[in-house]
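The next block holds one structure in the form of structure tokens; read it before the comments.
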Amino acid sequence: MPVRQLSEAVVNRIAAGEVVERPASVVKELVENALDAGAHRIDVLTDGGGRRLIRIADDGEGMTRADLALAVERHATSKLADDDLVSIRTLGFRGEALPSIGAVARLSIATRHASEPHAWAIEVDAGAKSDIKPAALSQGTRVEVRDLFYATPARLKFLKLDRTEAEAVRDVVRRLAMSRPDVAFTLAGEERAPVTFAAALPGATGRLTRLGDVLGSDFRANAVEIAAEREGIAIEGFAALPTLTRANTLGQYLFVNGRPVRDKLLLGAVRGAYADYLPRDRHPLVALFVTLAPREVDVNVHPAKAEVRFRNAGLVRALIVSALKTALARETTRAATTGGSATIAAFRPAVTVPQRNWDWRRSPARPPPFPSPASGGGWGGALRGGAFAEAAQAAFDVGGPAADLRVEASEPAAELIDRPLGAARAQVHETYIVAQTRDGLVIVDQHAAHERIVYEKLKAAIEKSGVARQILLIPEIVELDEADVERLTVRAEELARFGLAIEPFGPGAVALRETPSLLGAIDGAGLLRDLAEHISEWDETLPLERRLMQVASSMACHGSVRAGRRLKPEEMNALLREMEATPNSGQCNHGRPTYVELKLTDIERLFGRR
């Protein structure tokens, strides 16, 4: 087949296939153009998920008549002052967006520059350009895209449902709104109610306000400020406490020089920073903004500019990890407010009470909402019937007062009530410590709290001089599968760093000769079995430090105070004081909260006092 030159229309449609993937891609390109034009307000309107209509209006500087004529030509852009492609300071720079969109849809642009007496408009229909005509527009630019992909029906078939496409558009606007809190955004469409993000004040306060508007009040209430700088690279933003997580990584928003990206390097750095706090199936909420010299990052490695490449990727990753770890360690005992909110919500009265065995034809008068105590079921039966949320019923089925509650309850010392975690008042079910603070109460999971304390002590001991060992008078023989025995013996040197000395004892057993003295008396067989399971799931590419921390986490779990152990008042207070002095004690090694705080005002609302 001979070589031939493709027509301009085909070239534009091929370019559109790279730039315009779906309606959200169009919105992204057009909003980025508006931001580069200095807009302070951007309004986005869609219809049919964007396939029927996309309208974006801004109050930017607009274009002159000559600029408008060039704007719809391929590789024409105002974003590059010269031909230097390694110093990109704008969001868009390829000069392909408008001609590509016009090649597959009906595109109309109306714009007015301050130097022009009136606005100008142009239309592009499947690549065919109209003449430029005068138009009515007070300021900025208005772009309308109708019947997207009508010129390429094959691409139209690959679009998803209108609601799905609308959600993709919403995600694009959310990300761009987070990157520019100084710009007001409005998103409207038939798929959902209009969403407005008002312009925020400059600085960290304004950024957190915008992030709270986009990500919700829970993120705003549980966010930790991130700020670090090294060798010309700055990391700013906010990260949620480890006790506020999601089941996927969609809650992680990353920006490089104001550009929203989904970069594997940055996502991996976030995962590494939270590795000490979260289980494998949970992911943190973060919004991080990386700022560096344009020449230190290549934003031209992806057609949709969704990925970047750093000149010094290792430095960027290390800075993100250290910034996140420093910020999380700074919060020490702080836990997410969602724990207390969920507890309060569980006790809210139900909206309706089921009425059974009542026939209005026989008895017109409605029965009382609750049975009287003399009716047989008693008030307890009424509560179990639906007066409170289903999940909270176990709290009421505790029977009579436990003996240990009467014996161990003690009057709190005044100085302890003013401490962050208050003074211990009682132990419930030999598992939870109830402490009184100046303005509420705290419920502590004694096992989870002590697990974090032991874990941090193990880490500190390893960094200092190693973990002190205690030699067992009689070695404990633990029977395991041969594969588990092999896994443990291969890692014997690593385990020895934690004071755990083992050696093979025949084909299907290991001998446990030494254990960490910090853990005291432990279930050695259970610990070794758990370690064998964890080691079987290790990725060999996982750094040695990370593997060792997983060993420490397992050992801390086995060496901590177990649920079901009765504690004396002084032991409970000692645990609370250790929590206050231990970094990251707001959550255990598995990412669960170690305590829940209930404010007195919330408790008073439950009883109608407020």
Side-chain angles (χ1 to χ4, degrees), residues 171 173-183 185 195 197-229 234-256 258 260-262 266-267 269-279 282-291 319-345 420 583-588 591-597 599 602:
D171 183 64
V173 175
R174 282 158 51 98
R175 291 179 183 275
L176 291 170
M178 283 189 282
S179 70
R180 292 292 302 272
D182 58 315
V183 178
F185 287 81
V195 178
F197 302 125
L201 297 173
T205 303
R207 175 169 286 167
L208 181 58
T209 300
R210 172 58 60 84
L211 293 177
D213 293 340
V214 177
L215 299 179
S217 58
D218 283 347
F219 181 85
R220 184 191 293 122
N222 298 285
V224 179
E225 185 177 359
I226 310 297
E229 186 174 359
I235 308 291
E236 297 177 312
F238 291 87
L241 293 171
T243 43
L244 181 65
T245 60
R246 294 289 183 268
N248 52 46
T249 60
L250 297 180
Q252 298 175 11
Y253 298 89
L254 307 172
F255 305 84
V256 177
V261 298
R262 294 289 296 179
L266 302 183
L267 292 174
V270 172
R271 184 170 58 252
Y274 275 86
D276 249 7
Y277 308 94
L278 300 181
R282 303 301 296 178
H283 301 273
L285 276 73
V286 298
L288 297 181
F289 302 82
V290 182
T291 305
L319 185 58
I320 291 177
V321 172
S322 63
L324 284 170
K325 284 189 172 182
T326 301
L328 294 174
R330 187 176 64 238
E331 297 301 320
T332 59
T333 60
R334 185 181 170 195
T337 60
T338 51
S341 302
T343 305
I344 293 296
N584 316 313
S585 61
Q587 58 281 322
C588 74
R592 296 189 299 268
T594 57
Y595 72 92
V596 171
E597 183 176 9
K599 296 296 184 183
D602 294 327

Step-by-step side chain to side chain contact (heavy atoms under 4.5 Å, CB included) determination, H283 to L278: CA-CA 7 Å; H283 301 273; L278 300 181; 5.7 Å; no
Search all heavy atoms of [X] against all heavy atoms of [Y] and return the closest pair with its distance.
| X | Y | result |
| --- | --- | --- |
| S322 | T326 | O-OG1, 2.7 Å |
| F289 | F255 | CE2-CD1, 3.4 Å |
| L328 | A240 | CD2-O, 4.1 Å |
| G586 | Y595 | CA-CE2, 4.2 Å |
| S585 | T594 | O-OG1, 2.6 Å |
| K325 | G272 | CE-O, 4.2 Å |

State, yes or no, whether a side-chain contact exists between [X] and [Y] at a heavy-atom distance under 4.5 Å.
| X | Y | value |
| --- | --- | --- |
| N584 | D276 | no |
| L266 | V256 | yes |
| R174 | V195 | no |
| Y253 | L211 | no |
| L285 | R246 | yes |

[X] side chain vs [Y] backbone, donor-acceptor pair below 3.5 Å:
| X | Y | answer |
| --- | --- | --- |
| R175 | P260 | no |
| R330 | E225 | yes |
| T243 | P593 | no |

Q | Evaluation steps, side chain to side chain contact (heavy atoms under 4.5 Å, CB included), between Q252 and L288 | A | CA-CA 8 Å; Q252 298 175 11; L288 297 181; over 6 Å; no
Could you state the interatomic distance from [atom1] ([X]) to [atom2] ([Y]), rounded to the nearest 0.5 Å?
| X | Y | atom1 | atom2 | result |
| --- | --- | --- | --- | --- |
| I320 | I235 | CD1 | CD1 | 4.5 Å |
| R282 | T249 | CZ | OG1 | 12.5 Å |
| L250 | R262 | CG | CZ | 6.5 Å |
| N222 | S217 | CG | OG | 9.0 Å |

Name the atoms and distances for all side-chain donor-acceptor pairs under 3.5 Å in residues 198-210, with sequence neighbours left out.
from, atom 1, to, atom 2, distance (Å)
T209, OG1, T205, O, 2.9
R210, NH1, A177, O, 2.7
R210, NH1, R180, O, 3.1
R210, NH1, V183, O, 3.3
R210, NH2, P181, O, 3.3
R210, NH2, V183, O, 2.8
R210, NH2, A198, O, 2.8

- Task: Could you tell me whether R271 atom CZ has more than 12 heavy atoms of other residues or ligands within 6.0 Å of it?
- Result: no
Side chain to side chain contact (heavy atoms under 4.5 Å, CB included) filter on A239, not counting sequence neighbours, yields I226, Y274, V286, L324
